[in-house]
A.B. asks: 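Handing you a structure now.
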Amino acid sequence: MISEARFRKLVRASAVYDLLVTAPFATPWTLALALKSIGAVQTAFGLKGEVPEYSTGLALFGNLMGSVVLVWSLARCLSPEPRLGRLDALARGLFSIWMAYALFHGAAAAIAGFLVLELGWMIVQLLPLRRAEPLLRG
């Protein structure tokens, strides 16, 4: 069990992580650089899998995802409520399913690291909360 205060810190930490990791997806220019970086990691470590080439259609979906996640992250930074942490755990579960699907179908192996982090953040945001102790016992 985890205290609500500690849980709130975890929700905020996961939101900050998302801000840092997702920001490159929010604009066409930074998405192009992110794809090149993923490709460089693939090459440097001799990993298998496909890194998609930048295209306008890919940018549209990448930028939409990046923009929505940035706003969602900001909401959790400003108000790290347990309810938002639980919803974020659900979103991370869905993201993890689609990352695993993509990996299984030949996507860049470099995203496996992101999958591990998604699963980790999901698990900590599903931890049971300890109920607050009453101030007065009668």
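In what follows, residues are counted from 1 in the order of the sequence shown. Below, each value reflects all heavy atoms present in this structure, side chains not excepted, and no hydrogens, waters or symmetry copies.
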A.B. asks: Does any part of the side chain of Val21, heavy atoms only, come nearer than 4.5 Å to the side chain of Val69, both counted from C-beta?
C.D. replies: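 When only atoms from C-beta onward are counted, Val21 and Val69 do not touch, as no gap falls below 4.5 Å.
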A.B. asks: How many angstroms lie between CG in Leu70 and CG in Leu20, if you round to the nearest 0.5 Å?
C.D. replies: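 If I round to the nearest 0.5 Å, the distance is 10.0 Å.
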A.B. asks: Can you find a heavy atom in the side chain of Tyr101 that is under 4.5 Å from one in the side chain of Trp98?
C.D. replies: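 Tyr101 vs Trp98: side chains touch.
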A.B. asks: Does Asp18 come within less than 4.0 Å of Arg92, counting only side-chain N to carboxylate O?
C.D. replies: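 Looking at Arg92 together with Asp18, the answer is yes, because their closest N to O distance falls below 4.0 Å.
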A.B. asks: Kindly compute the distance separating CZ (Arg76) from CG (Leu10), expressed to the nearest 0.5 Å.
C.D. replies: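 Arg76 atom CZ to Leu10 atom CG measures 12.0 Å (nearest 0.5 Å).
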A.B. asks: Do Arg130 and Glu4 come close enough that some side-chain heavy atom pair is under 4.5 Å?
C.D. replies: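 With C-beta onward as the side chain, the pair stays apart.
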A.B. asks: Over all heavy atoms of both residues, which pair between Val41 and Ala110 is shortest? Give the atoms and the distance, please.
C.D. replies: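 The answer is CG1-CB, 4.0 Å.
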A.B. asks: At their closest point, which heavy atom of Pro80 faces which heavy atom of Cys77, and how far apart are they?
C.D. replies: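 Closest heavy-atom pair between Pro80 and Cys77: CD-O, 3.9 Å.
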A.B. asks: Minimum heavy-atom separation for Pro128 and Arg86, please, with both atom names.
C.D. replies: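 Shortest heavy-atom separation between Pro128 and Arg86 comes out as CA-NH2, 4.1 Å.
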A.B. asks: Report yes or no: do Met65 and Leu31 belong to one cluster of Ile/Leu/Val/Met/Phe/Trp/Tyr joined by side chain heavy-atom distances under 4.5 Å?
C.D. replies: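 Yes, same cluster.
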A.B. asks: Quick one: do Trp121 and Leu126 end up in the same hydrophobic cluster if we chain Ile, Leu, Val, Met, Phe, Trp and Tyr together by side-chain heavy atoms under 4.5 Å apart?
C.D. replies: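 Trp121 clusters together with Leu126.
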A.B. asks: According to ring-ring contact (aromatic ring centres under 6.0 Å, His included), does anything in residues 35-88 pair up with another residue at least two apart or in another chain? List the pairs.
C.D. replies: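 Matches after skipping sequence neighbours: none remain.
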A.B. asks: Which value, rounded to the nearest 0.5 Å, describes the distance between Leu103 atom CG and Lys48 atom NZ?
C.D. replies: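 Leu103 CG to Lys48 NZ: 13.5 Å, rounded to 0.5 Å.
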A.B. asks: Is any side-chain heavy atom of Phe95 closer than 4.5 Å to one of Leu90?
C.D. replies: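 No, their side chains stay 4.5 Å or more apart.
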A.B. asks: Would one find more than 12 heavy atoms of other residues, nucleotides or ligands at under 6.0 Å from atom CZ of Phe7?
C.D. replies: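 It does: Phe7 CZ has more than 12 such atoms within range.
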A.B. asks: Are Leu119 and Phe114 connected in a single hydrophobic cluster, I mean Ile/Leu/Val/Met/Phe/Trp/Tyr linked by side-chain heavy atoms less than 4.5 Å apart?
C.D. replies: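 Yes, because Phe114 and Leu119 connect within a single hydrophobic cluster, where side-chain heavy atoms sit under 4.5 Å apart.
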A.B. asks: Strictly distance-based, threshold 3.5 Å: is any side-chain N or O of Ser37 a donor or acceptor partner for the main-chain N or O of Leu33?
C.D. replies: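 Between the backbone of Leu33 and the side chain of Ser37 there is a qualifying donor-acceptor contact (under 3.5 Å).
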A.B. asks: Taking Thr30 for its side chain and Thr27 for its backbone only, find out whether a donor-acceptor pair lies under 3.5 Å.
C.D. replies: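 It does hold such a pair.
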A.B. asks: Please give me the minimum heavy-atom distance between Ile38 and Ala108, naming the atom from each residue.
C.D. replies: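 Smallest interatomic distance, heavy atoms only, reads CG2-CB, 4.2 Å.
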A.B. asks: Should Ser73 and Thr22 be marked as a side-chain contact (heavy atoms from CB on, under 4.5 Å) after you check the CA-CA gap, both sets of side-chain angles, and the distance that decides it?
C.D. replies: CA-CA 9 Å; Ser73 301; Thr22 309; 5.5 Å; no
A.B. asks: Looking only at heavy atoms, which two atoms of Asp88 and Ser14 are closest? And how far apart?
C.D. replies: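 The pair with the smallest heavy-atom distance is OD2-OG, 3.7 Å.
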A.B. asks: In the single-linkage hydrophobic clustering (I, L, V, M, F, W, Y; side-chain heavy atoms under 4.5 Å), do Met99 and Leu47 co-cluster?
C.D. replies: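 Different hydrophobic clusters.
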A.B. asks: Starting at CD of Gln125, measure out to CG of Leu84 and round the result to the nearest 0.5 Å.
C.D. replies: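 Interatomic distance, Gln125 CD to Leu84 CG, rounded to 0.5 Å: 9.5 Å.
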A.B. asks: Are Val11 and Leu127 co-members of a hydrophobic cluster defined by side-chain heavy atoms under 4.5 Å apart?
C.D. replies: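 As far as the 4.5 Å side-chain criterion goes, Val11 and Leu127 are connected within one cluster.
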A.B. asks: Is a side-chain N or O of Gln42 found less than 3.5 angstrom from the main chain of Val51, in a donor-acceptor match?
C.D. replies: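 Flag not set: sc Gln42 to bb Val51 has no pair under 3.5 Å.
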A.B. asks: Going from CZ on Arg6 to CG on Leu129, what distance comes out if it is rounded to the nearest 0.5 angstrom?
C.D. replies: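 Nearest 0.5 Å value for the CZ-CG distance: 12.5 Å.
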A.B. asks: Kindly check if the number of other-residue, nucleotide or ligand heavy atoms within 6.0 Å of OH (Tyr17) is above 12?
C.D. replies: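 Yes, OH of Tyr17 has more than 12 neighbouring heavy atoms, counting only those of other groups under 6.0 Å.
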A.B. asks: Measuring from atom OG of Ser3 to atom NZ of Lys9, what distance do you get when rounded to the nearest 0.5 angstrom?
C.D. replies: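 It comes to 8.0 Å.
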